[in-house]
Amino acid sequence: MKYTIDDFAQLIDHTNLHADATEADMKKLCDEAKQYHFKMVAINQVQAKFCSAQLAGTDIDTGAAISFPLGQTTITSKVAETKDALANGANEIDYVVNLTQVKAHNWSYIEEEMKKMVAACHNQHVPCKVIFENCYLTKDEIKQLALIAKKVEPDFIKTSTGFGTSGAKVEDVKLMKDTVGTKVKVKAAGGIRNTDDFLAMIAAGAQRIGTSSGVKIIAALKKRFAADNVTAIDL
């Protein structure tokens, strides 16, 4: 598939999830998203109202992180937080699975959680992304989560919060994509800070990239395109 600079920008969820992010930081994030035409800004749920107002009139989404970054809240709490985020202007949701229940292999709980979160989003025609936090999981656990997702059909399954012990890995993206097939997309996030890693995740099957380094990555890609005298590249 051929990608232009704008195609690459449209894969990026431009991210600032720091606990001490200021309103000025959020405005900068949104201004950069508009300048580079990123797909979404990824922010903590409390920032949804401010960011959605900043992005009004654009095609850039406001993505609220739910039960972030630990996932250790009840299903009822996650659904309520999601509904509040949507009421305040969010139009994409990334939520963290209950990792205690994953490690207990309580797959019925995880499926119920996923179904209710997907319903809360899809009832409002909003994409739902499920964050696995792969650094704490075995390959079998990653696969089982992906199989549940294949059944429930959220819009994306996602590698990481970026706040765990490690972030996205190419091998995990491949495993997740091979398991869900075409029914669900994969988002790679966490530690993706340079162009080579960005391109590797896309080549492995990621169809969305969460990163706080989007500006740097796009700038480097523009230089590469100019040096090679091309307007698009194949991946």
Side-chain angles (χ1 to χ4, degrees), residues 11 13 15 17 42 63-79 81-82 92-122 127-194 196-211 235:
L11 297 178
D13 288 353
T15 305
L17 290 158
I66 302 298
S67 192
F68 193 89
L70 302 178
Q72 299 305 293
T73 53
T74 65
I75 296 171
T76 300
S77 293
K78 287 179 182 178
V79 170
E81 191 178 347
T82 296
E92 293 200 24
I93 295 293
D94 293 40
Y95 85 92
V96 187
V97 298
N98 187 318
L99 290 161
T100 297
Q101 298 302 326
V102 173
K103 297 308 291 186
H105 295 178
N106 188 353
W107 303 120
S108 61
Y109 181 99
I110 294 300
E111 183 172 337
E112 179 189 3
E113 178 181 74
M114 199 180 298
K115 282 179 176 177
K116 289 185 176 179
M117 288 297 292
V118 169
C121 294
H122 287 183
C128 181
K129 307 190 198 85
V130 184
I131 307 173
F132 287 12
E133 200 69 295
N134 288 341
C135 60
Y136 300 126
L137 307 179
T138 66
K139 300 304 182 189
D140 285 344
E141 288 164 346
I142 294 170
K143 185 173 182 179
Q144 185 59 42
L145 274 173
L147 286 170
I148 293 170
K150 187 176 183 179
K151 178 180 178 181
V152 176
E153 296 188 31
D155 299 271
F156 287 84
I157 53 176
K158 176 177 169 182
T159 60
S160 323
T161 64
F163 287 76
T165 56
S166 65
K169 296 180 179 177
V170 166
E171 66 199 68
D172 290 345
V173 171
K174 288 180 178 177
L175 173 60
M176 293 162 75
K177 190 58 188 171
D178 287 347
T179 304
V180 294
T182 59
K183 298 189 79 172
V184 179
K185 297 175 183 179
V186 175
K187 174 177 172 179
I192 303 168
R193 300 187 180 94
N194 61 61
D196 288 341
D197 289 344
F198 176 78
L199 296 176
M201 296 298 171
I202 297 167
Q207 291 172 274
R208 195 79 72 86
I209 305 292
T211 179
L235 280 183

- request: Could you give me the CA-CA distance, side-chain angles and deciding distance for Thr159 and Ile142, then say whether side-chain contact (heavy atoms from CB on, under 4.5 Å) is met?
  value: CA-CA 9 Å; Thr159 60; Ile142 294 170; over 6 Å; no
task: Show your reasoning for whether side-chain contact (heavy atoms from CB on, under 4.5 Å) applies to Asp155 and His122.
output: CA-CA 9 Å; Asp155 299 271; His122 287 183; 2.7 Å; yes
Short side-chain to backbone donor-acceptor contact, [X] and [Y], under 3.5 Å:
X	Y	value
Glu133	Val96	no
Thr76	Thr74	no
Lys177	Gly181	yes
Thr211	Ile192	yes

Answer whether the closest heavy-atom distance between the side chains of [X] and [Y] falls below 4.5 Å.
X	Y	answer
Lys158	Tyr95	no
Glu113	Ile110	yes
Met117	Thr82	yes
Ile157	Leu145	no
Lys116	Lys78	no
Phe132	Val102	no
Asn134	Glu141	no
Leu70	Leu99	no

query: Would Lys187 and Ile209 count as a side-chain contact (heavy atoms from CB on, under 4.5 Å) if you check the C-alpha gap in whole Å, the side-chain angles of each, and the deciding distance to 0.1 Å?
result: CA-CA 6 Å; Lys187 174 177 172 179; Ile209 305 292; over 6 Å; no
Nearest 0.5 Å, please: how far is [atom2] in [Y] from [atom1] in [X]?
X	Y	atom1	atom2	result
Asp172	Met201	CG	CE	8.5 Å
Ser108	Asn106	OG	CG	4.5 Å
Ser67	Ile131	OG	CD1	9.0 Å
Ile66	Ser77	CD1	OG	11.0 Å
Lys129	Asp13	NZ	CG	4.5 Å

For the student: nearest non-hydrogen atoms of [X] and [Y], plus distance:
X	Y	answer
Cys128	Pro154	O-CB, 3.7 Å
Ala146	Val180	O-CG1, 3.4 Å
Gly167	Ser160	C-OG, 3.3 Å
Ala206	Val173	N-CG1, 3.7 Å
Cys135	Ser166	CB-OG, 3.3 Å
Gly191	Asp197	O-OD2, 4.3 Å

- prompt: Can a donor-acceptor pair be found between the side chains of Thr100 and Gln72 at a distance below 3.5 Å?
  reply: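 Short answer, yes.
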Residue Lys139 excluded, over 12 heavy atoms near NZ under 6.0 Å: yes
task: Please say whether more than 12 non-hydrogen atoms of neighbouring residues, nucleotides or ligands are located less than 6.0 Å from NZ in Lys185.
output: no
field: Pairs satisfying ring-ring contact (aromatic ring centres under 6.0 Å, His included), at least one member in residues 151-181, at least two apart
entry: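 Every ring-ring contact (aromatic ring centres under 6.0 Å, His included) pair that includes a residue of residues 151-181, provided the two are not neighbours, is Phe68-Phe163.
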message: Before you tell me yes or no, could you show the steps for Arg208 and Glu92 under salt bridge (charged side-chain N to carboxylate O under 4.0 Å, His left out), namely the whole-Å CA-CA distance, both residues' side-chain angles and the distance that decides it to 0.1 Å?
response: CA-CA 13 Å; Arg208 195 79 72 86; Glu92 293 200 24; 3.1 Å; yes
- request: Only counting residues at least two apart or in another chain, list the ones meeting ring-ring contact (aromatic ring centres under 6.0 Å, His included) with Phe198.
  value: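 Expected list: Phe8.
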query: side-chain contact (heavy atoms from CB on, under 4.5 Å) between Gln144 and Ile148: does it pass, once the steps are laid out?
result: CA-CA 6 Å; Gln144 185 59 42; Ile148 293 170; 4.0 Å; yes
